[in-house]
Amino acid sequence: MLPKLIITDIDGVWTDGSMYYDQTGNELKRFHTYDSAGVLFARLLNIPVAILTGETTEIVKRRATKLKVDYLFQGVKNKVEIAQKIIDELNIELNDCAFIGDDINDIALLSKVGFSGATSNAPDYIKEKVNFITQKKGGEGAFREFVEHILKKNGVFEKALEAAISNHEKSI
């Protein structure tokens with residue numbers, strides 16, 4: 001099933017889950033550039049991407065804006081409730097969605113979507129509940145791996161890759 005929406009957590013999926021603070025109180029997060037291709041592949045196939053995260057930071061907002069992520073919800077306590085709002089807007093079902101997460105606050109949504117994933121460094125009790133476990137850890141391109149797996153499984157990866165190469169060549 002090619003999803004009609006791809007949902008992702010951030011901390012522990014796009015990042016390694018670490019939070020860095022400097023002496024002036026600034027918070028820093030490290031993102032892997034590989035994950036941007038996951039968003040690009042989804043966009044080229046007209047699959048919206050939604051970020052649902054419990055944290056609220058300007059850092060995540062900037063990353064989502066740069067990558068033109070379709071939906072960003074921060075400070076989320078109930079990911080199922082927010083996902084329901086998005087799918088209602090898109091007129092689809094939870095079963096039409098894919099979601100990758102890595103921790104306790106992701107379990108409810110992982111159990112309701114059509115295709116679920118977790119990072120390789122997620123706790124075992126999370127990995128036991130999902131359809132796919134990435135080989136990469138969070139912060140190492142796990143989101144991209146998740147998206148590529150879905151596209152390959154549905155026979156559309158080559159189409160997305162060719163479109164990405166074509167777009168890149170046009171921009172040079």
Side-chain angles (χ1 to χ4, degrees), residues 2-20 27-76 79 82-83 86 97-107 109-110 113-123 126-127 130-154 156-169 171-172:
L2 189 62
K4 296 177 182 173
L5 173 67
I6 298 174
I7 307 169
T8 179
D9 181 34
I10 285 289
D11 293 317
V13 177
W14 288 39
T15 76
D16 66 5
S18 299
M19 293 184 186
Y20 304 93
E27 182 179 341
L28 307 171
K29 293 180 187 283
R30 180 184 152 281
F31 295 95
H32 201 297
T33 59
Y34 276 2
D35 288 323
S36 62
V39 176
L40 173 64
F41 289 145
R43 183 179 313 113
L44 291 170
L45 295 172
N46 297 312
I47 303 169
V49 174
I51 294 173
L52 306 184
T53 179
E55 294 288 319
T56 302
T57 67
E58 185 63 29
I59 301 164
V60 172
K61 181 180 177 185
R62 286 179 49 207
R63 188 72 179 142
T65 299
K66 181 176 183 174
L67 297 179
K68 299 179 180 126
V69 170
D70 302 282
Y71 298 93
L72 170 62
F73 290 90
Q74 298 194 80
V76 175
K79 292 186 180 184
I82 300 301
I86 299 168
C97 302
F99 173 54
I100 182 169
D102 73 305
D103 214 341
I104 294 168
N105 61 340
D106 300 318
I107 292 174
L109 186 54
L110 287 168
V113 294
F115 189 78
S116 59
T119 58
S120 63
N121 58 323
I126 304 293
K127 293 189 284 191
V130 300
N131 305 112
F132 177 73
I133 301 165
T134 63
Q135 291 181 12
K136 297 192 181 293
K137 295 178 181 177
E140 295 180 353
F143 176 72
R144 177 182 185 161
E145 181 184 343
F146 179 68
V147 172
E148 287 181 357
H149 172 79
I150 291 168
L151 301 183
K152 287 174 183 175
K153 188 176 105 168
N154 287 280
V156 296
F157 177 73
E158 289 301 322
K159 176 183 174 184
L161 181 59
E162 288 172 19
I165 292 168
S166 176
N167 279 0
H168 179 70
E169 289 173 350
S171 69
I172 309 178

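In this chain, residues are counted from 1 in sequence order.
- Between the side chain of Asn131 and the backbone N or O of Ser116 there is at least one donor-acceptor pair closer than 3.5 Å.
- Ser36 and Leu67 get closest at one heavy-atom pair: CB-CD2, 3.4 Å.
- With rounding to the nearest 0.5 angstrom, the CD1 atom of Ile165 is 8.0 Å from the CD atom of Glu158.
- No donor-acceptor pair closer than 3.5 Å links the side chain of Thr15 to the backbone N or O of Arg30.
- Residues Asn121 and Lys137 share a closest heavy-atom pair of OD1-CA, 3.4 Å.
- Remark: Lys153 engages Phe115, His149 in a side-chain contact (heavy atoms from CB on, under 4.5 Å) (not counting sequence neighbours).
- Listed by first and then second residue, the side-chain hydrogen bond (donor to acceptor under 3.5 Å, both in side chains) pairs that reach into residues 54-64 come to none, sequence neighbours excluded.
- No more than 12 heavy-atom neighbours from other residues, nucleotides or ligands sit within 6.0 angstrom of CD on Gln135.
- For the ring-ring contact (aromatic ring centres under 6.0 Å, His included) with Phe143, the qualifying choice from Phe99, Tyr34, Phe31, Trp14 is Trp14, the only one to do so.
- Shortest non-hydrogen contact noted between Gly54 and Lys79 is N-CE, 4.5 Å.
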Take Asp11 and Met19, measure what side-chain contact (heavy atoms from CB on, under 4.5 Å) needs, and give me the verdict at the end. CA-CA 9 Å; Asp11 293 317; Met19 293 184 186; 4.0 Å; yes
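- Between atom CG of residue Leu110 and atom CG of residue Asn105 there is a gap of 9.5 Å, rounded to the nearest 0.5 Å.
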Derivation and outcome, side-chain contact (heavy atoms from CB on, under 4.5 Å), residues Leu52 and Ile86: CA-CA 11 Å; Leu52 306 184; Ile86 299 168; 4.1 Å; yes
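- The NZ atom of Lys136 lies 10.0 Å from the CG atom of Asp35; values are rounded to the nearest 0.5 Å.
- Rounded to the nearest 0.5 angstrom, Ile82 CD1 and Thr53 OG1 are separated by 12.0 Å.
- Of the options Asp9, Asp102, Asp16, a side chain to side chain contact (heavy atoms under 4.5 Å, CB included) to Thr119 is made by Asp102 and by none of the others.
- Once rounded to the nearest 0.5 Å, the distance linking CZ of Phe146 with OG1 of Thr134 reads 9.5 Å.
- For the residue pair Ile150 and Leu2, the shortest heavy atom distance occurs at CG2-CD1, 4.4 Å.
- Here CD1 of Ile51 is found 12.0 Å from CD1 of Ile6. Values are rounded to the nearest 0.5 Å.
- Nearest heavy atom pair, residue Ile133 against residue Lys127, reads CD1-CB, 3.6 Å.
- For Phe157, the side-chain contact (heavy atoms from CB on, under 4.5 Å) test picks out Phe41, Glu148, Leu151, Lys152, Leu161, with sequence neighbours left out.
- Shown here for Val113 and Cys97, the closest heavy-atom pair between the two residues is CB-O, 3.4 Å.
- Under the 3.5 Å distance criterion, the side-chain polar atoms of Asn167 are left unmatched by any main-chain donor or acceptor of Ala164.
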